[in-house]
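Keep in mind that this is a model prediction, so the values were computed, not measured. Below, each value reflects all heavy atoms present in this structure, side chains not excepted, and no hydrogens, waters or symmetry copies. By convention here, the first residue in the shown sequence is residue 1.
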Amino acid sequence: MIPRPALLRDLSASYVLTSGVTVSGDLVDAVRTALAGLDPLPGDSGEIDVRRDPSLGEEAYRLTVGSRGVEIAAGGRAGAFYAAQSLRQLLPGASYRFSAGGSWPVPGVRVEDAPRHAWRGLHLDVARHFFPKREILRLIDLMAVHKLNRLHLHLVDDQGWRVESRAYPLLHEVASHRPRTATNYYREPETYDDVPHGGYYTLDDLAELGAYARSRCVTIVPEIDVPGHASAILAAYPEFGATGERHDVLDRWGISPAILSPLPPTVEFLTTIFDELLGALGETPYVHIGGDEVVLDHWAASAEIAAYRESLGLATANDLQAWFLRRLADALAERGARAVVWDEAFVSGGLRQDTVVMPWRGMNVGRRAAAAGHDVVATPVFPLYFDYAEASSPDEPMAIGDAITVDDVAAFSPAPAEWTEEERGHVLGVQAQLWTERVPDARTVDYRLWPRACALAEVAWAGSASADFPGRLGEHLGRLDALGVEYRPLDGPRPWQRRRPHRPAGVRVTEVMARIDAMTHHAESTRPSI
């Protein structure tokens, strides 16, 4: 079973489940959603009985399979949903395929379980390459199978804006597409495919995604990355930039100096965007506002912005960046959402105390954020950036660098033992990132995420991977096969998965980590790190 439960005890009796199984009790909807492939039906009494137990946490459950059927006790809807996912993993892998009239034996077991971490996340960058709604719905389903519960969607960057705005329609009419895309390797002469690329989610799409995710115990965390990474925004509305000049949606990778103005009209603009976003998604407890890799030169060169900074009593452009992000966090708090930022925003200082920090540049800066009283979600490049190749080999498809393996992910500790108890108490959880500069399609998303995301699920739910994880993973791959996931085989890519070959050692992840960790000790380390 992946992720492994806290307790799994074999019992002597067993049971047989068939399609059309009857589910009864308090939390029937959650179980029916999780077991949709079995076509379960509600009833007054059934083979699966689920009851709410107030003594359990919201995500906790007990699952018992015996000769009389299946009994589930859950603290809340999420606990019932996860109990049903565990029950599904007790069935043969074939149960993950649609089969009318199927019948499957279930071994007798008792499972007692609850997650170690509340935040068990995957991040998908839909700005560099756009993935249509159907792929997001599928990813939510795969997350649910693995008890992952936070989907962080990176919705805007220099290379594209991905959300409809009825208040500012040029965002989706102009900023959502580019005429071509860079194809060159890292630090090599620029080449392009000359193929237009783009797309965006309508507000109706977001409403559907939000509701679909909630039904599967997944929370969508939208990211509007500001004030840097702003080329696409300024292609549509240059008046919100620091210089007023028009930019193009970036067609190459890397970072541009394009930056939003921190003046009140920009805050009003972004607040309107937040209102549209939250109104569409529905209940949204977290909104990511970026704050990373910001080039502040245009702020420093602008007399108007400098005068505004001085009127606020702020000494530097970095102080103004902190003020700007805090103002956005205040606006989100007024709307019932907590702001989330990358670690540069913490290093600059001045955050609201309830702002969540994602320390992508390493766990050292994460520890400092936790010691300062901020909740953190572990997101370090190593081993949680899944755009890095899984082997230092030209057999791998083109990647930014190498190497991050399944074993690396499985060995990761989101709340290191050397941290103090108070610091560990601020670790909300862990999240893997998939940036998509070199991930052009859904098949490559599968290849990059799985099975590394299986190891992530184990660490996020159980707190660590046990010694028997490799064996359980080998069995679990049959479920991924049944679900149609084009994962990377453990012994390397299939011939058709190699595609454009990777250039090993172009960017070594160990060298990257040393460099970016050193940068986190400087308050002005907002500039691009890689």
Is the closest side-chain donor-acceptor distance between Lys133 and Thr202 under 3.5 Å?
no
Whether the Gln89 and Arg479 side chains hold a donor-acceptor pair (N or O, under 3.5 Å, no angle test) is what I'd like checked.
yes
Trp461 and Asp113: side chain donor to acceptor below 3.5 Å
yes
Worked verdict on Tyr286 versus Trp119 for ring pair (Phe, Tyr, Trp, His ring centres under 6.0 Å)
CA-CA 11 Å; Tyr286 304 96; Trp119 190 301; 4.8 Å; yes
Between His476 and His146, does any side-chain donor sit less than 3.5 Å from a side-chain acceptor?
yes
Specify whether His152 and Trp342 have parallel, tilted or perpendicular ring planes, treating 30° as the upper limit for parallel and 60° as the lower limit for perpendicular.
parallel
Any luck finding a side-chain donor-acceptor pair between Thr33 and Ser215 under 3.5 Å?
no
Shortest non-hydrogen pair, Pro414 vs Gly463, comes out as CD-O, 4.0 Å
Specify the closest pair of heavy atoms between Pro416 and Met363, including all atoms of both residues, with the distance to one decimal.
CD-CE, 4.2 Å
Determine yes or no for a side-chain-to-main-chain donor-acceptor pair under 3.5 angstrom, with Asp375 supplying the side chain and Thr355 the backbone.
no
Do the rings of His197 and His129 sit parallel, tilted or perpendicular, given the 30° and 60° boundaries?
perpendicular
Using only atom types and a distance under 3.5 Å, with no angle test, would you say the side chain of Ser95 pairs donor to acceptor with the backbone of Pro92?
yes
Between Gln431 and His123, a side-chain donor and acceptor under 3.5 Å:
no
Step by step, work out the salt bridge (Lys or Arg N to Asp or Glu O under 4.0 Å) result for Arg499 and Asp395.
CA-CA 9 Å; Arg499 305 194 178 186; Asp395 287 343; over 6 Å; no
If you count every heavy atom of other residues, nucleotides or ligands that lies below 6.0 Å from Phe98 atom CZ, does the total exceed 12?
no
Can a salt bridge be assigned to the pair Arg488 and Asp446 using a cut-off of 4.0 Å between side-chain N and carboxylate O?
no
Taking only Lys NZ, Arg NE, NH1 and NH2, and the carboxylate oxygens of Asp or Glu, determine whether Arg361 and Asp343 approach each other closer than 4.0 Å.
yes
Is there a donor in the side chain of Asp292 and an acceptor in the side chain of His229, or the other way round, less than 3.5 Å apart?
yes
Short N-O contact, Glu418 and Arg367, less than 4.0 angstrom
no
Can Ser464 and Arg116 be counted as having a side-chain donor-acceptor contact under 3.5 angstrom?
no
Rounded distance (nearest 0.5 Å) linking atom CG of Asn364 with atom CE of Met513:
8.5 Å
Can you see whether Glu173 engages Trp161 through a side-chain donor-acceptor pair at a distance of less than 3.5 angstrom?
no
Test: Arg214 and Glu283 ion pair at under 4.0 Å:
no
Is the distance between the ring centroids of Phe130 and Tyr201 under 6.0 Å?
yes
Quick one about Tyr487 and Asp481 (side-chain donor to acceptor, distance below 3.5 Å, no hydrogens or angles considered), yes or no?
yes
Check the side chains of Arg452 and Thr405 for a donor-acceptor pair under 3.5 angstrom, ignoring hydrogens and angles.
no
Does Ile220 form a side chain to side chain contact (heavy atoms under 4.5 Å, CB included) with Leu153? I'd like the steps, not just the answer.
CA-CA 7 Å; Ile220 291 180; Leu153 291 178; 4.1 Å; yes
Of the non-hydrogen atoms in Trp104 and Ala94, which two are nearest, and what is the gap between them?
NE1-C, 4.2 Å
Could you tell me whether the side chains of Asp402 and His502 share a donor-acceptor contact shorter than 3.5 Å?
yes
Given the rule in the side chain to side chain contact (heavy atoms under 4.5 Å, CB included) test, do Thr379 and Val430 qualify, once you have shown the distances and angles that lead to the verdict?
CA-CA 6 Å; Thr379 56; Val430 57; over 6 Å; no
Start with the C-alpha distance between Thr520 and Arg368, add both sets of side-chain angles, then the distance that settles side-chain hydrogen bond (donor to acceptor under 3.5 Å, both in side chains), and finish with yes or no.
CA-CA 10 Å; Thr520 67; Arg368 299 202 304 273; 3.2 Å; yes
For Tyr447 and Glu396, does a side-chain donor sit closer than 3.5 Å to a side-chain acceptor?
yes
Side-chain donor-acceptor pair present, His117, Arg120, cut-off under 3.5 Å:
no
With a 3.5 Å cut-off and no angle check, do the side chains of Arg448 and Thr436 form a donor-acceptor pair?
no
Is any NZ, NE, NH1 or NH2 atom of the basic residue among Asp125 and Arg128 found under 4.0 Å from an Asp or Glu carboxylate oxygen of the other?
yes
What closest approach, in Å, do Phe412 and Pro383 show between heavy atoms, and which atom pair accounts for it?
CD1-CD, 3.6 Å
Salt bridge or not for Arg180 and Asp251, using N-O below 4.0 Å?
yes
May I ask you to check whether Tyr212 and Asp141 show a side-chain donor-acceptor distance below 3.5 Å?
yes
Pairing of Arg503 and Glu188 as salt bridge, 4.0 angstrom limit:
yes
Closest heavy-atom pair, Pro257 versus His298, reported as atoms and distance to 0.1 Å, is O-CD2, 3.5 Å
Specify whether Trp360 and Tyr385 have parallel, tilted or perpendicular ring planes, treating 30° as the upper limit for parallel and 60° as the lower limit for perpendicular.
parallel
Shortest non-hydrogen separation from Leu456 to Gly121 and the atoms involved
CD2-O, 3.2 Å
If I take atom OG from residue Ser231 and atom CD1 from residue Ile255, how far apart are they, to the nearest 0.5 angstrom?
9.0 Å
